[in-house]
Structures are given as C-alpha cells and as structure tokens.
Amino acid sequence: MKRKKYFLIICIICLGLLLLAFIFLSDWNEDEDNPLLPIDKLAEQWRGKQDLPSSGETKEIIVPGFKTLVFMADTTKQDVNLYNPEDNDCLFKLTLLADEKELWKSGFIKPGDGYYNIELSEPLKAGEYSGKLQYQCYKEDGAQLNGAVVTFNLIVKEK
C-alpha cells in the first residue's frame, strides 16, 4: 500500500511538472513574447519617417528596379535600359548576373547617363534565369557608398 502511495505522489508531481512546462512553452497569453523569439520591448509602432538632425548629406540614392528583363538568345549584344538617375549625387558601377554568373560589368556612370545597348561576356540560351543587377555607388572622390542588388526574372527568347 505504501508503494502505491509513493507511486501516486510521483505521478502527480510529474503531471504538475508537465503542466508547468506546457504553460511555459505554449502561447496561452498572446501579449507575451515567444521565449524562443523575444520581441524587443524598446521598438515602437512605425509611424513613418521622422525629421532627423543632419549635416546636409542625407540625400537618398535612387536605384531603378524592374521585375523582368528580356534578352535575345544566342547573341552577346542586348538592348537594355540601365541608367543612373539624374537626381543622384553619386556614380554607379553596375554588374549583371544570370544564375550567379557575371555577364556584364559597367564602368563608372555619372548621374543622368546610362546604357541602351550592352555586350555580354557570353551568349545565353533560350530560357528563364535568376537575374541580379548589383549597384555599387561611389562619391566623386572615390569613396564607396551603400550599394543595392535588384533581383529580377531574366527571360531569354529565341529571335
């Protein structure tokens, strides 16, 4: 009889521990964070851009983007619309990639200048590729600024 009593007490303790573990790991209280992904309590709801003190050098760089670029198959000469918007105060250097392979690289492009025709390092076969256009941005004195990568669908069509 004494054995059954100890066994029952141990079972009750185990069930209590399981219940406590379940409460701790579950999301019963939705106001509390997931302990595995704690939310920063100092962050607040975004209400849009605020005015910040500046030294007058806070102009943003405009990076043109697109969802799709179409090339012709089996030729290196391609028509494009790649440019550095005239409102920028920096030089661009562009690198075009298809499926992570570099196909073309520009020199430094002044604001307001661009390309209508480029020549790829090798022709592409018809199909769809994962395209990337990497933007490297530079000040006139050669100092590198932030850059960007535009991802797009590169469609290569037969002539």
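Basis for what follows: all heavy atoms, side chains included, without hydrogens, waters or symmetry-related copies.
Legend: salt bridge (charged side-chain N to carboxylate O under 4.0 Å, His left out) pairs involving residues 64-82, not counting sequence neighbours, sorted by first then second residue: D74-K125, K77-E119. Residue pairs satisfying the salt bridge (charged side-chain N to carboxylate O under 4.0 Å, His left out) criterion with at least one member in residues 98-107, sequence neighbours excluded, are listed as follows: E100-K132, K101-E122.
Connection of L145 to V63 is established within a shared hydrophobic cluster, with ILVMFWY side chains joined at heavy-atom distances below 4.5 Å, either directly or through further cluster members. With hydrophobic clusters built from ILVMFWY side chains whose heavy atoms lie under 4.5 angstrom apart, I109 shares a cluster with I118. Note: the hydrophobic cluster containing L91 does not contain Y83 (ILVMFWY, side chain heavy atoms under 4.5 Å, direct or indirect links). No path of Ile, Leu, Val, Met, Phe, Trp and Tyr side chains, each step under 4.5 Å between heavy atoms, connects M72 with L103, placing them in separate hydrophobic clusters. Cluster annotation: F92 and L133 are assigned to the same hydrophobic cluster (Ile/Leu/Val/Met/Phe/Trp/Tyr, side-chain heavy-atom contacts under 4.5 Å, transitive).
In this structure, C137 SG and N146 CG are separated by 7.5 Å, a value rounded to the nearest 0.5 Å. Atom CD1 of I61 and atom CG of N84 lie 9.0 Å apart (nearest 0.5 Å).
Considering only heavy atoms from C-beta on, L96 stays 4.5 Å or farther from L82 through its side chain. Using a 4.5 Å heavy-atom cutoff, the side chains of T75 and P123 are not in contact. Between I12 and I10 the shortest side-chain heavy-atom distance does not fall below 4.5 Å. Side-chain contact between W104 and T95 is absent, with no heavy atoms from C-beta onward closer than 4.5 Å. Contact annotation: the side chain of K5 never approaches that of L8 to less than 4.5 Å [non-hydrogen atoms, C-beta and beyond]. By the 4.5 Å heavy-atom criterion applied to side chains, L69 and I155 are not counted as neighbours. Residues Y116 and N81 are in side-chain contact: their nearest non-hydrogen atoms beyond the backbone lie under 4.5 Å apart. L120 places a side-chain heavy atom less than 4.5 Å from the side chain of F71.
When every heavy atom of V156 is checked against every heavy atom of A73, the shortest pair comes out as CG1-CA, 3.4 Å. Between Y115 and G107, the shortest heavy-atom contact is OH-N, 3.7 Å.
Of the possible donor and acceptor atoms, one in the side chain of Y135 sits under 3.5 Å from a partner among the backbone N and O of P64. Judged purely by atom type and a 3.5 angstrom limit, Q134 has no side-chain atom pairing as donor or acceptor with the backbone of L94. No donor-acceptor pair under 3.5 Å is formed between the side chain of N88 and the backbone N or O of C90.
Applying the salt bridge (charged side-chain N to carboxylate O under 4.0 Å, His left out) rule to D89 yields the partners K59; only residues at least two apart in sequence or on another chain are considered.
At a cut-off of 3.5 Å, with distance as the only test, a side-chain donor of N153 or E128 sits close to an acceptor on the other residue.
Two rings, from F108 and Y138, have their centers less than 6.0 Å apart.
Note: F66 and F152 have tilted aromatic rings, judged against thresholds of 30 and 60 degrees for the angle between ring planes.
Residue Q144 places its CD atom among more than 12 non-hydrogen atoms of other residues, nucleotides or ligands, all under 6.0 Å distant.
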